[in-house]
Amino acid sequence: MAGTMFHLPPWTGSFSDGLPAMEHSLDAHWEQHAKSFLDSLAYPLQRHLLILGASVLAVLLVVGQISWPVALVAAGLLALVRGLLLQQQHTKAQALHRSARQALHQAKRDSLQQLRAAGAELTDWYESYRAADAVDADCRAFITSLSAAAPGGSPFEGRVVDRPAPAAPAAPAPAGLGKDSHR
């Protein structure tokens, strides 16, 4: 923002703490660092007003020794012009501050959303792992049964589908009863 770059320091958390605790921790991390950044963008209006007041007083004292009416006009013009410039700079600074606050708020929301998505993905992974772990004993028993299913030296013999033995040739039909006879 306006030549100033926001850099969020790394944050770490553990899903063993629970998602609500992690969200709170990440939110506090964002708030702490965003606040200091936004404070650095604040326009120092009081300091500039003090400088303006000192300048007007100096014009009144220096020019006032020559002519009070000229000193009053010069001090009034100085206060008016410098005051308008200060007001314009302050308005721009407020707009920049508002824009930075909105951008940081959006980035914080995105960060929290990514944390929630990571939590959901981890939960899905845990569920898939538990489902796979639930059938582990059955899978091990099946694998063990494959080696005992058929005798042989090859581990693949238990998985071969046996072909049926060829059928014996059919007995010849009695003479005269063939398909060409019409009796």
Item checked: R140: which of D136, D138, T144 passes side-chain hydrogen bond (donor to acceptor under 3.5 Å, both in side chains) ->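 Answer to the side-chain hydrogen bond (donor to acceptor under 3.5 Å, both in side chains) test with R140 among D136, D138, T144: D136.
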Notebook entry, point to check: Side chains of L26 and M22: closer than 4.5 Å at any heavy-atom pair?
Noted result: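 A side-chain contact is absent here, since even the closest heavy-atom pair is not under 4.5 Å.
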Between atom [atom1] of [X] and atom [atom2] of [Y], what is the distance when rounded to the nearest 0.5 Å?
{"X": "H90", "Y": "L49", "atom1": "NE2", "atom2": "CG", "answer": "9.0 Å"}
{"X": "S36", "Y": "E31", "atom1": "OG", "atom2": "CD", "answer": "11.0 Å"}
{"X": "L8", "Y": "S111", "atom1": "CG", "atom2": "OG", "answer": "7.0 Å"}
{"X": "R101", "Y": "Q94", "atom1": "CZ", "atom2": "CD", "answer": "9.5 Å"}
{"X": "R116", "Y": "E121", "atom1": "CZ", "atom2": "CD", "answer": "16.0 Å"}

For [X], give me all partners under side-chain contact (heavy atoms from CB on, under 4.5 Å), at least two apart in sequence or on another chain.
{"X": "P9", "answer": "H29, H33"}
{"X": "V63", "answer": "V59, V70, A71"}
{"X": "A34", "answer": "L104"}
{"X": "D110", "answer": "Q106"}

Check: Has the side chain of S128 got a donor or acceptor atom that lies under 3.5 Å from a matching backbone atom of D124?
Finding: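 Yes; judged by distance alone, with no hydrogens or angles, the pair exists.
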Show which residues join [X] in its hydrophobic cluster (side-chain heavy-atom contacts under 4.5 Å, direct or indirect), or state none.
{"X": "L50", "answer": "none"}
{"X": "L84", "answer": "L80"}
{"X": "V73", "answer": "L77"}

Notebook entry, point to check: For F142, what residues pass the ring-ring contact (aromatic ring centres under 6.0 Å, His included) criterion, not counting sequence neighbours?
Noted result: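 ring-ring contact (aromatic ring centres under 6.0 Å, His included) check on F142 returns nothing, list empty.
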Notebook entry, point to check: Which residues satisfy the ring-ring contact (aromatic ring centres under 6.0 Å, His included) test with H97, sequence neighbours excluded?
Noted result: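 In terms of ring-ring contact (aromatic ring centres under 6.0 Å, His included), with neighbours along the sequence ignored, H97 is linked to no residue.
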Note to self: Give me the atom names and distance for the closest heavy-atom approach of L52 to L86.
What the structure shows: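 Smallest heavy-atom distance, with atoms named: CD2-CD1, 4.1 Å.
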Notebook entry, point to check: Any idea which heavy atoms bring A100 and L38 closest together, and the distance?
Noted result: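 Minimum heavy-atom contact is CB-CD2, 3.8 Å.
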Notebook entry, point to check: What residue pairs, at least two apart or across chains, pass side-chain hydrogen bond (donor to acceptor under 3.5 Å, both in side chains) with a residue in residues 45-70?
Noted result: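 Pairs touching residues 45-70 that pass the test: none.
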Item checked: side-chain hydrogen bond (donor to acceptor under 3.5 Å, both in side chains) contacts touching residues 69-89 (sequence neighbours left out) ->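 Qualifying pairs, neighbours excluded: Y43-Q89, Q87-T91.
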Note to self: Could you go through F15 and L115, starting from their C-alpha distance and side-chain angles, then the distance that decides it, and tell me whether this counts as side chain to side chain contact (heavy atoms under 4.5 Å, CB included)?
What the structure shows: CA-CA 10 Å; F15 280 104; L115 176 65; 4.1 Å; yes
Check: Would L78 and L45 show up in the same hydrophobic cluster when neighbours are defined by side-chain heavy atoms closer than 4.5 Å?
Finding: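 Both belong to a single hydrophobic cluster.
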Next item on the list: Give the cluster check for L122 versus W11: same hydrophobic cluster or not, with ILVMFWY residues linked at side-chain heavy-atom distances below 4.5 Å.
Entry: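 Yes, L122 and W11 fall within the same hydrophobic cluster.
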Notebook entry, point to check: Can you list the residues that meet the salt bridge (charged side-chain N to carboxylate O under 4.0 Å, His left out) rule with R98, with sequence neighbours excluded?
Noted result: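 Scan of R98 (salt bridge (charged side-chain N to carboxylate O under 4.0 Å, His left out), adjacent residues dropped) gives none.
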